[in-house]
Amino acid sequence: MKIILLGAPGAGKGTVAKLLTQVDGSVQISTGDILRGAVQAGTELGKKAEAYMKAGDLVPDELIMDIMKARLQEPDCAKGFLLDGFPRTIPQAEALKSLLQELGISLDLAVNLEVPREVILDRLTTRRTCSNPECQAIYNIKSNPPKVDSICDICGSKVIQREDETEEAITHRLETYNEKTAPLIGYYEKEGLLMNVNATSSDTVVKAIRERLGI
Ligand code: AMP
């Protein structure tokens, strides 16, 4: 499947993407994971992106499009992909449209995960992430804590609170979402690709997507 997952930070895009990869081998492409990996590895990309990310601001569109242009042409994308956290702005959506045309790829759906603001705020302040850039497993101190305190169940690395998940950075990320990313809902509606889903449970979202695509 070739799907864009839209929704505010904390709407569950990453969780839904991970579940969908198990359906048909499509790969999850998370620009946030790629960028955090680059920051931890200290690459040129990481150095350029770090300050924007810490502040909860968006990384410039050109940097993101360079990443995506390369990533979408890797062989594992042939089976399909789940775009998680990309596109985030109208210029990124337009650049993606031209890129996909150039590569002869057509999208199946843009799924908008709808979650009430109180739920989002609660999820983001209680979310914890594995610090290993290769893993980045997601936990929640209330609903899904690691089995051993602060240690990742999967790889044994330390589980931490992301620097952009302080209350101040979260408020800013949500404002950025409303201003820059929410307009993508109307954009994909016009493109005839939009599907709105009530995303309080990730299993329900996966079921709705599978039903819609008949898989
Ligand atoms: P995420 O894990 O998707 O919440 O992304 C974490 C941070 O990475 C965001 O707050 C942005 O600073 C940056 N980021 C991730 N994806 C994008 C994107 N498509 N465009 C611009 N910035 C991004």
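Counting starts at 1 for both ligands and their atoms, in listed order.
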Side-chain ion pair, Glu165 and Arg173, N-O less than 4.0 Å: yes
For ligand 1, the residues whose heavy atoms come within less than 4.0 Å (ordered by chain, then number): Thr31, Gly32, Leu35, Arg36, Met53, Asp57, Leu58, Val59, Ile64, Gly85, Phe86, Arg88, Gln92, Arg162, Asp164, Arg173
Cluster link Phe81 to Leu35, ILVMFWY, side chain under 4.5 Å: yes
side-chain contact (heavy atoms from CB on, under 4.5 Å) involving Thr89 - partner list, sequence neighbours excluded: Leu58, Asp61, Pro91, Gln92, Lys180
Donor-acceptor under 3.5 Å (Ser131 side chain, Lys158 main chain): yes
Which donor-acceptor pairs under 3.5 Å do side chains of residues 47-57 form with protein atoms, sequence neighbours excluded?
unit_1, atom_1, unit_2, atom_2, d
Asp57, OD1, His172, NE2, 2.6

Taking only distance into account, with no hydrogens and no angle test, what donor-acceptor pairs under 3.5 Å do side-chain atoms of residues 4-13 form with protein atoms, sequence neighbours excluded?
unit_1, atom_1, unit_2, atom_2, d
Lys13, NZ, Gly7, O, 3.0
Lys13, NZ, Ala8, O, 3.2

